[in-house]
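Down below is the structure, laid out as C-alpha cells.
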Number of protein chains: 2
Amino acid sequence: MPDPGEETDMSAVRHVAPTLEMVAARAGVSRATVSRVVNGSDKVNPASVESVRAAISELGYVPNRAARSLASAQSHAIALVVPEDITRFFGDVFFASIVAGINDRLEQSDYVLNLMVASSDPGAKNSRYLMGGAVDGAVVVSHHTSDHFLERIGDAIPLVFGGRPGLDKIDTWVVDVDNEEGGAVAASRLVERGCRHVATISGPTDMQSANERTRGWRRVVAAAGLEPGPAISGDFTALGGAQAMRELLARYPEVDGVFVASDLMASAALPVLLDSGRRIPEDVAVVGYDDSPHAVQGPVQLTTVKQPSEAMGREMADILLDVLAGNERPWSTILPIELVERDSA
Amino acid sequence: MPDPGEETDMSAVRHVAPTLEMVAARAGVSRATVSRVVNGSDKVNPASVESVRAAISELGYVPNRAARSLASAQSHAIALVVPEDITRFFGDVFFASIVAGINDRLEQSDYVLNLMVASSDPGAKNSRYLMGGAVDGAVVVSHHTSDHFLERIGDAIPLVFGGRPGLDKIDTWVVDVDNEEGGAVAASRLVERGCRHVATISGPTDMQSANERTRGWRRVVAAAGLEPGPAISGDFTALGGAQAMRELLARYPEVDGVFVASDLMASAALPVLLDSGRRIPEDVAVVGYDDSPHAVQGPVQLTTVKQPSEAMGREMADILLDVLAGNERPWSTILPIELVERDSA
DNA sequence: GTGAAAGCGCTAACAA
DNA sequence: TTGTTAGCGCTTTCAC
C-alpha cells in the first residue's frame, strides 16, 4: 500500500481488484458461469452472458493471472531469451527484426512476450523465472555453446532456437538459415568477380552459425583452387569489425576479397579499408551478411547475404505456439537466404 | 502421500516439476519448514536447513511462481512499459540506456524485468497483463499524452514515469530532467555564439518533455531580443530529423542556429545542412540533445545537452523497488543536465 | 446450461 | 523452532 494520503485521500488509494466471486454475486450467477463467459465458452445462456458482461465492466474486473495460471497450469506468456548484454542487444538490428517478427505473430494470439536479455545470470534469477512456470515456453536467439543453463531449462519448458545450438541435445526446435550456404554464396561472389586472395572476418567461434558461415566460405574458396586467406574472428560488434579488419590488413596485405559475417562489422570495416588507401570494390571487394540497415549506411553500399530475420522471428513464435497447443512440428526449419547485390562486390 | 524421489528419472520426459510437498517429504520436515528455508527465514534449525537444501538440489526443486504469487499477492516482477513501436524502441539508444540502468539496479534485487513494448494494444492484452497482477509495478518511459490506458493501470499498480506524463493525475512518481532548462541551455549556447536566426526541430508535440524543451528554447531566444524562428516538430527518428531540417531550410533559409531535440534527429539533419552548401557551425550552428552515441557518429561532432539516461533508469527502478517495499519516496526526482561542447556549436 | 465442490502449490497465521 | 490449518482466485470435473 502506498504511503502518501492515508485514509483521507480516496483517489490515491490503490484499487482493490474485484474477484470472479464478486462478479458472480453482482451478476447473480455462479462463479463457474462467470469463468465460462470470461473464457468464451459457447455453452452459456445468452442472457447470462449479458449480465456477466455487464457486471465485469461495471466492476472493472480483470482476472488474476497468478490464480488462473495456478489452476490451469498455463501462464499464457512466452519469453524471448537473449544471452547477450544489453549493449549488444540494442546495437544489432538483427534482434529488432526478430522481436518484430515474434510480436507480429503474438498479436494474433492471447500470449504476451517477456524479453529476457542477460549474458550473466546473477543468482540464477532468470533461470528460476523461466523454470518456475512464469512462461509456457521460450524462444532463444544468439545462443553460445557455453550457455549450459539452457539445457536445464529445456527440459522444463519447450524451447525454440534461432540458429542451431551447439549442444548435444538435438531434440529441440530450431529455426535457421543455411549458414554454410550463406558463407558459400558470399565466397562465390568474391571468387567469380576475380578475387584471388579471399579472407573472412567471422563471428565469434563459440557460435555455431558463425562457424558454419566460415566453413561455407572456405569450401568455395578451396574449390576454386585458391588458398583460403585468414579467417579472423570478430565479435559481431562495430568495434570488433574495425579491429578485425586492421588485423587482417596487417597479416594479409595482399587481400583482395573479404567476406564479413555481419553487416554491422562490415560497416565499420569499410572505413578501415578506405583509410588504408584501398578502393572498394576495385582493390578489395567486400560481401556482408544480414542485409541490415547498416548495409546501406556506410561509405559504400554493401553487397550482402540477406537473412530473413523478421520471418525467422515470426516462424519461431509460430512453432512455439503450435507446440504449446499440442501440435507436432518438425524439429528443424530452414529459411532461404539470398544475395543482395550492391556496390561493394 | 505422493511418492518422494522415485528412482532414476529418465531425461526425455518433460516436466514433472517437484513441489514443495515432495521436498518436505524427502527432507522429513513439514512444508512450512521448507518454505521457510526457501525464503531464507533465520528461525530454522541448521540441521533442518541442511537436509532441506539437500532435498531441494536432489529433486531440482524450483518454486512455482504462480502459486507463490497467488499466496503472497506479490509477483516479484516489474515491467518496463514503452508505448512505442519496436522500430523506434530499437532505433533510439536512449532506451538502451534506460534498460541498462534499470537492469543494473534490478540485479541487486530478486525482481525480474518484463519489457513491454507496444504502441497499440490489441485486445487490451498488455493492459490486462499489467493489471492482472503479473507485475508488482511498472516503469513507463516515452509516454504520450494520448496514452490513457496508463491511467487505469496506474490505480492498480504503482507506476514510475520517466519524463513527466501529461496526465491530470500528478500523484505519481516521476523521474525527469529539467527539460525546459535543457532547451534553455541549448538556446543560450546558440545565442551566445552570435546566432541571430535561431530555430528548433522539436520532438512530437504530444510529448510533454518535447514541449518543455521547446519552451526553454523560446524563452531564451526571446530574452535575447531575437525573434524565435520556426519550431518544426520531428518524431524523434532519423528520417523525421532529416525531413524536418529540409522543411526548416525551405521555410526559413536565413537560419543560422538550430536546436535539435534529439541527437538521433540531429545526426540525420546534419547531412541535409551540409548538402545544402552550409558549413557547420560557421553558417549554421547546431545543438543536439541526449549525448547519445549518435552525437559523435555523424559528419560533425555534435555539441549537445547531456541527459543522464542510464542514471534515470537506475533511479526509476530504485524508486519503484523502494515503494514496493513500503517506503516513502518523493513524487518528483529531477536529475541534472549538462552541455557537452563539441564542434557543431 | 448451470452450480457445487475439489483442488492447483504456495504462504502465513496460529498453535504446539 | 516446528507443524497445522486455512486460504490466495481461479479452473475444472461432475452432478443436476
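By convention in this document, chain letters (A, B, ...) are assigned in the order of the sequence lines, proteins followed by strands, and residues within each chain are numbered from 1.
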Centroid separation A:Phe89 to B:Phe90 less than 6.0 Å: yes

Distance, rounded to the nearest Å, where A:His76 contributes NE2 and C:dC8 contributes C1': 15 Å

Separation of atom NZ in B:Lys43 from atom P in C:dA12, rounded to whole Å: 13 Å

Expected output: side-chain B:Asn39 to main-chain B:Ser35 donor-acceptor under 3.5 Å: yes

Strand contacts (DNA chain C) in residues 47-56 of chain B, 4.0 angstrom heavy-atom criterion: none

Smallest separation among heavy atoms of A:Asp136 and A:Tyr111, with atom names: OD2-CE2, 3.5 Å

Where protein sits on nucleotides 7-16 of chain D, one letter per nucleotide: B base, S sugar-phosphate only, - none, heavy atoms under 4.0 Å: BBBBSBB---

B:Trp173 side-chain N/O to B:Arg329 backbone N/O, donor-acceptor pair under 3.5 Å: yes

Side-chain donor/acceptor of B:Arg152 to backbone N/O of B:Met131, under 3.5 Å: no

Any donor-acceptor pair under 3.5 Å from B:Asp318 side chain to B:Arg314 backbone: no

Donor-acceptor contact below 3.5 Å, side chain A:Arg65 vs main chain A:Ser75: yes

Expected output: side-chain B:Asn64 to main-chain B:Ala66 donor-acceptor under 3.5 Å: yes

